[in-house]
Peer 1: 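Pasting a structure below so you can have a look.
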Amino acid sequence: MKGFLCRLRLSSLVTIAVCATVALTVVLQLTLVNHFAVRQAGAEAELRLQQLSWQMRDSLNRVIEQAGGDIRLLTELPQVRQARDPAAARAALESLQRTFPDYAWIGIADPEGKVVASTKGLLEGANVGARPWFQAGRHTVHATDYHPALLLDKLLPRSPDPWRFVDLSGPVLGPKGEVLGVLGVHLSWDWARRRARRLLTPALRQYGAEIIVVRGDGTVMLGPDELVEKKIVTTSLQLALQGETGALRERWPDGRTYLTGYSQTGEADNPASLRWAVLVRQVEDKALEGTRDLQRRMLLGSILLAVALVIVVALLARRLSRPMAQLGQAIERATEATALGAEPPPIPQVDGFHEANVLSSTMGKLVRSEWESRCALLALNERLETAVAERTAELQALLLRDVLTGLPNRRALLGALPEAMGRARRVGRPAALLFIDMDGFKAVNDTYGHEEGDELLRQFGARLAHALRKTDMVARLAGDEFVVVLEMLTDGLDAEDTARKLLERIQEPFALRTTEVTVGASIGVALHRPDEAPDLDGWLARADHAMYAAKRAGKNQVALAATLSEGGLARMQSGLLPFAALPVARTPCQKSANSSSPSSAS
């Protein structure tokens, strides 16, 4: 491969490189369009279908609620409550029917189920006592689900679509609350068909959008002809019947993939409402047709642009390579002359473009002054070594810092403790370790997530650092554990006072990005006296055990570990470590945050 590239001319290499760059750009562009534009178009289509589902749901609910209100209004009219004059009652019912033509039939039946008055006299004298609407309407205003016409099918005028009704009924009550009869309304299903046609604009219908209303048993009441009064089972239907609302991508029984918005009508505890699933679906290919067309246009435009660029680059490459070929021939002649021991001919000044002119001039100077070039290379090497040394020092410093809080980490702490013990021995003043474990961090981390947990750790570490002297050190050990190194102390009381002050500062609220939380801390204090032998692990262990003693005492406390000279380590290991606790009112975290950092179970 390397030999093949070496045999190619510069113009060929430039042309190949530009072609590869253009091809890669086109592929990346189409990938980004497919990833973002298609996904955005899908999300917008799902939102549009979901909004259509909501509109259809609200329209269905409004009509059912209006019919229920009309039932209540009619039952209060004297003509209906008394119903001694069927003609007067019929006139009142027909007046309402003229106002709302979708009420195909309105009638009043006596307590035995005999129709005493109805619009246009239909079914007057007939007994409807066995009909579901009559039985349900004796007790309260009730809506009876979608059903075909039975008694009225041959009495009503012919229509393009078969007669289908939704019934609403309610009791007609006397002055003492006795049931005088039942008022029933047969609401024609044509209003739902008209509403669906109005919601679906011609553009939406052209792109395959369809509104489907499904009864609770899965029977389609409104939708495409091939689905009407047939049962279906889809994921969107199941979700809608569970009371959920939204949109999704799913495969329907016809084998096609649709984007479907879904919702549910009615109220579960309201007998005057109906629980239907409203689905609005659209074929996925139709919903994303605009984006697909954009992809095709972008591909065609990219191909045309690539062809134009290749032609331009091929011509430009020839123009650029001619001066370079002249310069290459001059260098070959100089190399041959040097091999023969003759004085190399001067490199001619090559014209054509600025870079070739500069290159030929530079090559001439190189032939004439090899020493200057050597000096330049040595200087460059020295600068490179300096930069590497500086970068190495920066990386070494990063190894000693905690990435999250910016505080010294465990490595830095373990390096600083021997120095602190040495300084304590030299100056004759004790040093102390404060082992701090945050109380309540896990609740914050679990409830509000890792990002808020990280922010809490950063603020916690910063608060500790600001509360200490410049000569002291605070490090993050791991998770929610921190260690403070105090030097130049007078005695153990200095360390205890500092620990108590830190505990008071810790208990102040922390203002995170989205909330404010309050945490506590359990602090273990271990003193290292100047006359004690250096024991890094022992010192850390005493502070750690003292911290756990504070936790066992109820958290939010300060526990002091005995020094080695007092036999503290032995008593600490046996569970007899004495400690002094600062009583603090423990307030549970009111809000929590998220942390991606490792955390302890405090």
Side-chain angles (χ1 to χ4, degrees), residues 388-427 429-439 441 445 450 453-489 494-495 498-499 501-503 505-506 510 519 521-530 532-548 550 558 561 564 595-600 602:
V388 170
E390 292 174 353
R391 184 58 179 164
T392 302
E394 292 176 1
L395 293 175
Q396 186 65 29
L398 288 176
L399 290 175
L400 301 178
R401 286 286 170 180
D402 176 61
V403 177
L404 179 63
T405 62
L407 298 174
N409 57 15
R410 177 188 289 270
R411 183 191 297 268
L413 176 67
L414 295 180
L417 289 181
E419 298 177 1
M421 289 187 287
R423 282 191 293 271
R425 184 176 62 256
R426 289 193 301 272
V427 301
R429 300 181 70 175
L433 273 184
L434 275 60
F435 203 108
I436 303 173
D437 187 275
M438 195 189 310
D439 295 330
F441 172 72
N445 201 42
H450 299 310
D454 286 349
E455 180 63 21
L456 176 58
L457 289 173
R458 283 191 286 268
Q459 293 190 23
F460 189 92
R463 188 173 291 183
L464 292 177
H466 292 159
L468 297 173
R469 301 170 300 178
K470 293 184 178 180
T471 56
D472 299 328
M473 175 184 182
V474 57
R476 183 185 178 207
L477 195 60
D480 58 349
E481 296 180 345
F482 295 79
V483 173
V484 173
V485 182
L486 303 177
E487 298 189 56
M488 305 298 290
L489 301 175
D494 284 353
T498 300
K501 291 176 181 178
L502 287 178
L503 189 57
R505 289 294 307 277
I506 290 169
F510 289 87
V519 297
S522 298
I523 304 178
V525 182
L527 201 65
H528 176 78
R529 299 187 183 280
E532 292 176 350
D535 184 358
L536 175 61
D537 294 336
W539 196 12
L540 280 171
R542 286 188 292 128
D544 183 50
H545 284 291
M547 180 272 291
Y548 279 106
V558 176
L564 287 175
S595 176
S596 58
S597 305
S599 60
S600 66
S602 59

Peer 1: Would you say Pro430 and His528 make side-chain contact, with heavy atoms under 4.5 Å?
Peer 2: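 Side chain of Pro430 against side chain of His528, heavy atoms only: no contact under 4.5 Å found.
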Peer 1: Holding to salt bridge (charged side-chain N to carboxylate O under 4.0 Å, His left out), I want the full list of residues that pass it with Arg426, two or more places apart in sequence or in another chain.
Peer 2: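 With sequence neighbours excluded, Arg426 shows a salt bridge (charged side-chain N to carboxylate O under 4.0 Å, His left out) to no residue whatsoever.
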Peer 1: With sequence neighbours left out, write down each residue that passes side chain to side chain contact (heavy atoms under 4.5 Å, CB included) with Ala467, or none if nothing qualifies.
Peer 2: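 Applying side chain to side chain contact (heavy atoms under 4.5 Å, CB included) to Ala467 gives Leu502, Arg505.
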Peer 1: Could you go step by step and tell me if Phe441 and Val519 meet the side chain to side chain contact (heavy atoms under 4.5 Å, CB included) rule?
Peer 2: CA-CA 7 Å; Phe441 172 72; Val519 297; 5.7 Å; no
Peer 1: Considering all heavy atoms of both residues, which atom of Phe460 and which atom of Ala521 are nearest to each other, and what is their separation?
Peer 2: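 Closest pair (atom of Phe460, atom of Ala521, distance): CZ-CB, 4.4 Å.
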Peer 1: Quick one: list whatever passes side chain to side chain contact (heavy atoms under 4.5 Å, CB included) with Asp472, sequence neighbours left out.
Peer 2: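 For Asp472, the residues satisfying side chain to side chain contact (heavy atoms under 4.5 Å, CB included) (neighbours in sequence not counted) are Leu468, Arg469, Leu486.
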Peer 1: How far does CG of Leu477 sit from CG of Asp544, to the nearest 0.5 angstrom?
Peer 2: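 Here the interatomic distance stands at 8.5 Å.
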Peer 1: Just jot down the ring-ring contact (aromatic ring centres under 6.0 Å, His included) partners of Phe510, sequence neighbours excluded, or say none.
Peer 2: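 For Phe510, no residue satisfies ring-ring contact (aromatic ring centres under 6.0 Å, His included) once neighbours in sequence are set aside.
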Peer 1: Without placing hydrogens or testing angles, list every side-chain donor-acceptor pair under 3.5 Å for residues 410-425, not counting sequence neighbours.
Peer 2:
residue: Arg423; atom: NE; partner: Glu487; partner atom: OE1; Å: 2.8
residue: Arg423; atom: NH2; partner: Glu487; partner atom: OE1; Å: 3.4
residue: Arg423; atom: NH2; partner: Glu487; partner atom: OE2; Å: 2.8

Peer 1: Between Leu434, Ile436, Val484, Val483, which is the residue that forms a side-chain contact (heavy atoms from CB on, under 4.5 Å) with Val474?
Peer 2: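 Testing each of Leu434, Ile436, Val484, Val483 against Val474, the sole residue satisfying side-chain contact (heavy atoms from CB on, under 4.5 Å) is Val484.
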Peer 1: Under the ring-ring contact (aromatic ring centres under 6.0 Å, His included) rule, collect the residues that match up with Phe435, sequence neighbours excluded.
Peer 2: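 Once residues adjacent in sequence are excluded, Phe435 has no partner under the ring-ring contact (aromatic ring centres under 6.0 Å, His included) criterion.
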Peer 1: Does any pair with a residue in residues 457-466 pass salt bridge (Lys or Arg N to Asp or Glu O under 4.0 Å), and if so which ones, sequence neighbours excluded?
Peer 2: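 For residues 457-466, and leaving out neighbouring residues, the salt bridge (Lys or Arg N to Asp or Glu O under 4.0 Å) pairs sorted by first residue read Glu455-Arg458.
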Peer 1: CZ/Arg401 to CG/Asn409 distance, rounded to the nearest 0.5 angstrom?
Peer 2: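 Taking CZ in Arg401 and CG in Asn409, the distance rounds to 8.5 Å.
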Peer 1: Does Thr498 have any side chain to side chain donor-acceptor pair (under 3.5 Å) partners at least two apart in sequence or in another chain, and if so, which?
Peer 2: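 Not a single residue meets the side chain to side chain donor-acceptor pair (under 3.5 Å) criterion with Thr498.
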Peer 1: Under the criterion salt bridge (Lys or Arg N to Asp or Glu O under 4.0 Å), which of Asp454, Asp402, Asp437 is the partner of Arg476?
Peer 2: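 For Arg476, the salt bridge (Lys or Arg N to Asp or Glu O under 4.0 Å) check succeeds only for Asp402.
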Peer 1: Under 3.5 Å, is there a donor-acceptor pair between the Ser522 and Asp439 side chains?
Peer 2: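 Short answer, yes.
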Peer 1: Specify the closest pair of heavy atoms between Ala431 and Leu489, including all atoms of both residues, with the distance to one decimal.
Peer 2: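 Between these two residues, the closest heavy atoms are C-CD1, 4.1 Å.
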Peer 1: Is any side-chain heavy atom of Arg542 closer than 4.5 Å to one of Leu433?
Peer 2: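 Side-chain contact under 4.5 Å: no.
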Peer 1: Is any side-chain heavy atom of Leu464 less than 4.5 Å from a side-chain heavy atom of Ile506?
Peer 2: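 Side chain of Leu464 against side chain of Ile506, heavy atoms only: contact under 4.5 Å found.
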